[in-house]
Each structure stands twice: as C-alpha cells, then as structure tokens.
Amino acid sequence: MRKNGFVFIETIVAVIVLTSSLLLLYSSFNKILQLEKTRVYYDDINYIYRTWHIKSRLNELNITSALKEITSNQDNYFVTIGIEYQDLFVGYENKLNFISNLLNAYEVNQMLILKENKIDDLKECSLECSLDQNCAGYDICNSMYTSLSDEMIKFLDTLYIDVSCTYVLVVEYRTCASDGTNCKNYYSWVSV
C-alpha cells in the first residue's frame with residue numbers, strides 16, 4: 001500500500017512539472033510567432049522602398065495642404081490622404097491618373113500623414129478610451145478608431161521614430177491572390 005501511494009504522488013508531481021513546462025513552452029512559442037508576424041508585416045524593406053517612392057511622387061504635388069491641415073487642427077493626430085484628397089491635386093490634375101495608377105499598382109489600401117510629436121498622444125488612445133464616454137480623449141480616440149483598421153492601430157503603436165522629422169507618411173498595403181482571396185496587410189512609414 002505504501003508503494004502505491006508513493007507512485008501516485010510521483011505521478012502527480014510529474015504531471016505538474018510536465019504541464020508547467022508545456023505552458024512555458026507555449027507562451028514562449030506564442031511570443032516568437034508574434035515577433036515574427038511583426039517582422040514580416042511591419043517595415044519590410046520592399047514596402048519601405050514602395051513608401052519612399054510614393055512619398056517622392058507626393059512631394060511633387062501640393063502636399064503642403066495636407067501638412068497645413070494637420071498643423072492647424074491641434075486635435076488632429078493624422079490626415080488620411082489618397083486620390084479622394086482633392087486639395088492634394090490642386091494645380092496638378094494631370095498627375096491624378098498617374099498617382100492613382102501608382103497607388104493601384106502598389107496595392108495601397110490607406111495612407112496617413114501624422115505629426116511626429118503626436119505619435120505618443122496617438123499611442124495613448126486605447127480601445128477602452130474610444131468606448132468610454134467618460135475618458136478625457138473620448139472624442140479624438142473614438143473618431144480615430146472609426147477611421148483606422150485595428151491592424152493599422154497596432155502598427156502605429158509600434159512606431160518609434162529616432163530621426164528628426166516633422167511629419168511621417170504611413171502606408172497600409174493590401175496584397176491579395178489573383179482570385180481575391182488570401183489577403184494580407186503590410187505596413188511601412190517614411191519621414192516627409
């Protein structure tokens with residue numbers, strides 16, 4: 001009888017040790033997967049080059065109107081720009097088709113211009129604050145969360161800009177298979 005009781009206790013201890021080891025292994029593996037996802041989908045060199053190329057084309061246009069809009073409104077963290085942003089093409093209507101084709105070729109889903117000093121404020125906007133009407137920044141956070149995708153918000157949360165720049169161009173690319181399935185979003189930024 002003593003031998004059976006001792007074996008039972010050994011079995012329980014072995015199960016506890018194995019369970020805790022598997023939980024530790026799972027959490028480590030999950031963290032590695034998240035880091036790999038971040039590495040693959042955020043700031044890939046191919047998409048950094050695409051973003052730089054788009055920035056170069058936008059600099060040829062009236063990009064100062066977008067920069068003035070974000071500067072004039074202190075509550076504005078960012079301005080969404082694209083073909084529908086008409087002020088960008090004032091006097092440059094002939095380049096509208098070129099930029100439209102460029103954005104379609106590069107599979108641009110969304111572009112933002114944001115002030116570098118507003119990035120920390122943007123990171124403080126949490127999903128909880130966008131849902132809680134008693135939160136101090138409810139209006140700003142709520143409007144931000146309605147106009148940006150969850151993945152874009154996650155990317156903006158990872159931004160750390162160590163260069164001196166006033167504005168940042170952030171681009172979300174959406175690539176899909178030829179049949180429109182298996183879509184993935186990639187993110188990149190460059191200073192403006």
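Predicted model, so just to flag it, every value in this text is computed and none were measured.
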Straight-line distance of Leu35 CG to Asn30 CG, nearest 0.5 Å: 10.0 Å

Linking I/L/V/M/F/W/Y whenever any side-chain heavy atoms sit under 4.5 Å apart, do Phe8 and Ile16 land together? yes

side-chain contact (heavy atoms from CB on, under 4.5 Å) evaluation trace for Val108 with Arg50: CA-CA 10 Å; Val108 172; Arg50 286 182 184 192; over 6 Å; no

Among Trp189, Tyr106, Tyr187, Tyr173, find the residue that satisfies the side chain to side chain donor-acceptor pair (under 3.5 Å) test when tested with Thr51. Tyr173

Test Asn182 against Lys184 for side-chain contact (heavy atoms from CB on, under 4.5 Å), laying out the working first. CA-CA 7 Å; Asn182 199 17; Lys184 302 212 183 304; 3.4 Å; yes

Atom OH in Tyr47, atom CD1 in Ile54: separation rounded to 0.5 Å? 11.0 Å

Nearest 0.5 Å please: distance from the OG atom of Ser28 over to the CG atom of Leu33. 11.0 Å

With heavy-atom distances below 4.5 Å as the criterion, would you say the side chains of Asp43 and Thr158 are in contact? no

Straight-line distance of Trp52 CH2 to Leu169 CG, nearest 0.5 Å: 13.0 Å

For Met111 and Leu103, what are the C-alpha separation, side-chain angles and deciding distance, and is it a side-chain contact (heavy atoms from CB on, under 4.5 Å)? CA-CA 10 Å; Met111 293 190 307; Leu103 297 181; 4.0 Å; yes

How close do Ile48 and Val190 get, counting heavy atoms only, and between which atoms? O-CG1, 4.1 Å

From CG (Asn185) to SG (Cys176), nearest 0.5 Å: 8.0 Å

Kindly indicate whether the side chain of Met152, heavy atoms from C-beta on, has any atom under 4.5 Å from the side chain of Asn109. no

Which value, rounded to the nearest 0.5 Å, describes the distance between Thr175 atom OG1 and Glu107 atom CD? 5.5 Å

Non-hydrogen atoms of Lys55 and Ser191 that approach each other most closely: CD-O, 3.1 Å

Evaluate side-chain contact (heavy atoms from CB on, under 4.5 Å) for His53 paired with Leu102, printing each intermediate quantity in order. CA-CA 10 Å; His53 191 246; Leu102 179 73; 3.7 Å; yes

